Amino acid sequence: MTRYKLTVSYRGGAYAGWQRQPNGLAVQQVIEQALSDLVGTEVAIHGAGRTDAGVHARGQVAHLELAEPFPPRGLLHGTNHRLPEDVRLTAAQRMPDGFHARKHAAGKEYSYRLVRTEVTSPLDAPFAVAVPRTLDLPAIARAATALPGRHDFTAFALAGGAHTQPWRRIESARVTEEGEAVVVRVVGDGFLRGMVRSLVGTLLEVGTGKRTPEAFAALLAGRPRSEAGPTAPPQGLVLERVFYPPEWWPLAGS
């Protein structure tokens, strides 16, 4: 058996999320169908984690095993030829035996994009969420400084997640201005279901004066979900990258 790592980019608007499910079309499903058509046998892929309906990805990662070796370049372009235009493999690489996209992931980076315009351009609307021009960015940035470190994120976890414990470590959290846009970027060792969207929804309460930065920080002590803010809409969220330790980097020449 030969193991491969796939890096996947997709627009999530048309999908019920990453993970295959009975009640809607998932990104995993369309990639598995394309791969199966390419190699002539049924193929299953395993993602680094799921993204919810409407959430996008620039650097989702998945792995698969094939009984017979397949040139990575052929796997990349042959699969893309069979995929819908809103899903693409951006890399296909040979991996050491035993590599697992989810179990060996060391961390992930997410971004959430907000736009401060009176009218949201149709070019921005599928990938960003409109917010007031008066948003207090210094207050949001102050609140975000509480995120780095290991915390109990119960207040920011949606029901129905597969997590068994709510503690996660955040390596960095940044709030940056990009013209009319505001981008929240968070890097951590793992994320609970809905966690980044709940964080952004609560940070927006800070930015509109409904909550202080200190009140936001207090939620990181395992407060109930009902005490935090709303879950921000999915279209602003992008899974940017998944990180792996050196022992699980692609094989040379792949």
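Residue numbers count from 1 along this sequence. What you are looking at is a predicted structure, and each value in this text was computed from that prediction instead of being measured.
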Taking the side chain as every heavy atom from C-beta outward, state whether Leu251 and Lys5 have any atom pair closer than 4.5 Å. no

Taking the ring of Tyr4 and the ring of Phe99, is the distance between their centroids below 6.0 Å? no

Is there a path of hydrophobic side-chain contacts, each under 4.5 Å between heavy atoms, that joins Tyr244 and Ile45? no

Check: His100 side chain, Arg102 main-chain N or O, donor-acceptor pair, under 3.5 Å: yes

According to a hydrophobic-cluster definition based on side-chain heavy atoms being under 4.5 Å apart (Ile, Leu, Val, Met, Phe, Trp, Tyr only), do Val61 and Leu76 belong together? no

Non-hydrogen side-chain atoms of Pro166 and Asp152 separated by less than 4.5 Å: yes

Donor-acceptor check, side chain of Asp189 to backbone of Arg169, threshold 3.5 angstrom: yes or no? yes

Atom CD of Glu42 with >12 non-hydrogen neighbours under 6.0 angstrom: no

Whether Arg225 side chain and Gly229 backbone form a donor-acceptor pair below 3.5 Å: yes

Output for pair (Ile140 CD1, Thr208 OG1), nearest 0.5 Å, gives 8.0 Å

Kindly say whether the aromatic ring centers of Tyr10 and Tyr15 come within a distance under 6.0 Å. no

Roughly how far, to the nearest 0.5 Å, is the CG atom of Leu203 from the CG atom of Asp136? 12.0 Å

When rounded to the nearest 0.5 angstrom, what is the spacing between CD in Glu227 and CZ in Phe156? 10.5 Å

Yes or no on side-chain contact (heavy atoms from CB on, under 4.5 Å) for Val182 and Thr176, after CA distance, side-chain angles and deciding distance? CA-CA 6 Å; Val182 177; Thr176 59; over 6 Å; no

Minimum heavy-atom distance Arg113-Phe127, with the two atoms named: CB-O, 3.7 Å

N/O donor-acceptor pair under 3.5 Å between Gln21 side chain and Asn23 backbone: no

Nearest non-hydrogen partners of Val206 and Thr212, listed with the distance: CG2-O, 3.9 Å

Is there a donor-acceptor pair under 3.5 Å between the side chain of His81 and the backbone N or O of Ala34? no

In the single-linkage hydrophobic clustering (I, L, V, M, F, W, Y; side-chain heavy atoms under 4.5 Å), do Leu64 and Trp248 co-cluster? no

Below 4.5 Å, heavy atoms only, C-beta onward: do Leu38 and Arg82 meet side chain to side chain? yes

Trace of the side-chain contact (heavy atoms from CB on, under 4.5 Å) decision for Val196 with Phe191: CA-CA 7 Å; Val196 178; Phe191 294 85; 3.6 Å; yes

Between Tyr112 and Val129, is a side-chain contact (heavy atoms from CB on, under 4.5 Å) present by the stated rule, with each step listed? CA-CA 9 Å; Tyr112 196 100; Val129 171; 3.1 Å; yes

Checking salt bridge (Lys or Arg N to Asp or Glu O under 4.0 Å) for the pair Glu177/Arg116: CA distance, chi angles, key distance, verdict? CA-CA 10 Å; Glu177 292 186 77; Arg116 298 170 295 175; 2.9 Å; yes

Nearest-0.5 Å distance, CH2 of residue Trp167 to NE2 of residue His151: 8.5 Å

Only one of Val27, Leu237, Leu239, Val238 clears side chain to side chain contact (heavy atoms under 4.5 Å, CB included) with Val55; which? Leu237

Are there over 12 heavy-atom neighbours, none belonging to Glu68, within less than 6.0 Å of that residue's CD? no

Distance-only, no hydrogens or angles: does the Arg197 side chain make a donor-acceptor pair with backbone N or O of Ala232 under 3.5 Å? yes

Within the 4.5 Å heavy-atom criterion, are Arg193 and Arg50 side-chain neighbours or not? yes

Can a donor-acceptor pair be found, under 3.5 Å and without considering hydrogens, that links the side chain of Glu109 to the backbone of Val187? no

Nearest 0.5 Å please: distance from the CZ atom of Arg88 over to the CZ atom of Arg11. 9.0 Å

With no hydrogens and no angle check, is any side-chain donor or acceptor of Ser198 less than 3.5 Å from a backbone partner on Ala157? no

Let me see the working for Lys108 and Phe243 under side-chain contact (heavy atoms from CB on, under 4.5 Å), right down to the final yes or no. CA-CA 6 Å; Lys108 297 175 184 174; Phe243 302 99; 5.5 Å; no

Is there a donor-acceptor contact under 3.5 Å linking the side chains of Glu240 and Ser111? yes

Spatial distance of atom CG (Leu66) from atom CZ (Arg94) [nearest 0.5 Å]: 10.0 Å

Closest non-hydrogen atom pair, Leu6 against Leu89: CD2-CD1, 4.0 Å

Tell me whether the count of non-hydrogen atoms from other residues, nucleotides or ligands lying under 6.0 Å of CZ in Arg58 goes above 12. no

Is there a donor-acceptor pair closer than 3.5 Å between any side-chain N or O of Arg168 and the backbone N or O of Gln165? yes

Is there a chain of hydrophobic side chains (I, L, V, M, F, W, Y, each step under 4.5 Å between heavy atoms) that links Val8 to Val39? yes

Under-4.0 Å salt bridge between Glu180 and Arg133: yes

Pair Gln29-Gln33, side chain to side chain donor-acceptor pair (under 3.5 Å): steps then yes or no: CA-CA 6 Å; Gln29 180 180 342; Gln33 184 61 60; over 6 Å; no

Looking only at heavy atoms, the pair that brings Ala105 and Val242 closest together is CB-CG1, 3.7 Å

Minimum-distance pair of heavy atoms, taken over all atoms of Ile31 and Leu83: CA-CD2, 3.8 Å

Could you check whether Lys210 pairs with Glu205 (Lys NZ or Arg NE/NH1/NH2 to Asp/Glu carboxylate O, under 4.0 Å)? no

Same hydrophobic cluster for Leu147 and Leu204, using side-chain heavy-atom links shorter than 4.5 Å among ILVMFWY? yes

Can you give me the closest heavy-atom contact between Pro72 and Ala92, atom names plus distance? CB-O, 3.2 Å

Just wondering, do Arg211 and Leu219 contact through their side chains at under 4.5 Å, heavy atoms? yes

Between the main-chain N or O of Gly59 and the side-chain N or O of Ser9, is there a donor-acceptor pair closer than 3.5 Å? no

